[in-house]
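Everything below concerns the one structure shown next.
What's counted below: heavy atoms across the whole structure, side chains too, no hydrogens, waters or symmetry copies.
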Amino acid sequence: MCHVIVTCRSMLWTLLSIVVAFAELIAFMSADWLIGKAKPLSSEDVDSGTGGSQEPYRPTLGIYGRCTRISHMQISRRDTLCGPYAENFNEIASGFWQATAIFLAVGIMILCAVAFVSVFTMCVQSIMKKSIFNVCGLLQGIAGM
């Protein structure tokens, strides 16, 4: 009975470790860190097919990505283009954002390593009389700082 509980707990911890690592990676890649004021709709923003209007456009900025609205030359409808604005590390918006990128990247690498190791805890739960759970939990705490 006790072994079943430990196995279920380690499986849940493994699953949550993987989910958190992916969530951090998605947050890092997101362009929605800063969201600008809604831009008023112009006559070009009215959807000619349905007669209704589109949602107002809100420019966004992430650590190294952004979303901007671009207009096509031949088509009056406008689209949003999302992608990196920084081609290298020095082009990131500010020193604080550069530090954020460094700390998040290190944290994500640690979380991904813990998620990878947590898969092996199903078979091996200690190495050299040290619990893998304790070591990985400490690493997760460091990554979350």
Side-chain angles (χ1 to χ4, degrees), residues 2-47 52-145:
C2 182
H3 183 53
V4 173
I5 292 172
V6 170
T7 303
C8 288
R9 209 177 331 166
S10 67
M11 286 175 32
L12 179 63
W13 174 71
T14 300
L15 179 64
L16 290 176
S17 295
I18 293 168
V19 167
V20 167
F22 278 117
E24 285 288 325
L25 185 60
I26 290 169
F28 183 77
M29 302 299 285
S30 173
D32 293 335
W33 284 61
L34 293 176
I35 301 175
K37 289 185 178 182
K39 303 286 184 182
L41 293 174
S42 65
S43 59
E44 293 177 352
D45 290 331
V46 176
D47 189 2
S53 63
Q54 298 175 346
E55 284 188 30
Y57 165 69
R58 292 180 179 272
T60 62
L61 178 67
I63 290 180
Y64 74 96
R66 68 176 172 186
C67 290
T68 58
R69 183 165 272 188
I70 58 168
S71 61
H72 297 287
M73 296 293 189
Q74 299 172 344
I75 303 173
S76 63
R77 187 175 154 242
R78 297 179 177 219
D79 287 333
T80 303
L81 176 67
C82 295
Y85 69 86
E87 291 185 17
N88 60 46
F89 185 74
N90 292 329
E91 292 180 0
I92 292 179
S94 72
F96 291 113
W97 284 52
Q98 290 174 348
T100 300
I102 291 170
F103 288 123
L104 269 176
V106 169
I108 290 169
M109 288 187 338
I110 292 171
L111 287 175
C112 288
V114 168
F116 181 73
V117 168
S118 69
V119 172
F120 295 108
T121 61
M122 304 287 183
C123 302
V124 179
Q125 296 182 352
S126 65
I127 295 176
M128 297 185 326
K129 297 183 181 180
K130 296 283 183 185
S131 172
I132 295 176
F133 299 110
N134 291 344
V135 173
C136 288
L138 176 66
L139 288 174
Q140 284 177 329
I142 291 169
M145 287 182 157

Seminar exercise, completed: Output for pair (E24 CD, M109 CE), nearest 0.5 Å, gives 13.5 Å
Exercise. Taking all atoms of both residues into account, what is the closest heavy-atom pair of I92 and I63, and its distance?
Worked result: CG2-O, 3.4 Å
Exercise. What pair of heavy atoms forms the shortest contact from L34 to W97, and how long is it?
Worked result: CD1-CZ2, 3.5 Å
Exercise. Can you tell me how far the CG atom of D32 sits from the OG1 atom of T60, to the nearest 0.5 Å?
Worked result: 5.0 Å
For this session: Return the minimal non-hydrogen interatomic distance between G107 and A143, and the atom names on each side.
Result: O-CB, 3.6 Å
Exercise. Ignoring hydrogens and geometry, is there a side-chain-to-backbone donor-acceptor pair from N88 to E91 under 3.5 Å?
Worked result: yes
Exercise. Can you check side chain to side chain contact (heavy atoms under 4.5 Å, CB included) on S17 and W13, steps first, answer last?
Worked result: CA-CA 6 Å; S17 295; W13 174 71; 3.6 Å; yes
For this session: Supply the atom-to-atom distance L111 CG to F22 CZ, rounded to the nearest 0.5 angstrom.
Result: 11.5 Å
Problem set entry | Nearest atoms (heavy-atom pairs only) where F89 meets Q98 | O-NE2, 3.2 Å
For this session: Could you tell me whether the side chain of S118 and the main chain of A115 form a donor-acceptor pair under 3.5 Å?
Result: yes
Exercise. Any side-chain heavy-atom pair from F120 and I132 closer than 4.5 angstrom?
Worked result: no
For this session: Taking disulfide (SG to SG under 2.5 Å) as the test, write out the residues that go with C67, two or more places apart.
Result: C82
Problem set entry | Flag, side chain of T100 to backbone of F96, donor-acceptor distance under 3.5 Å | yes
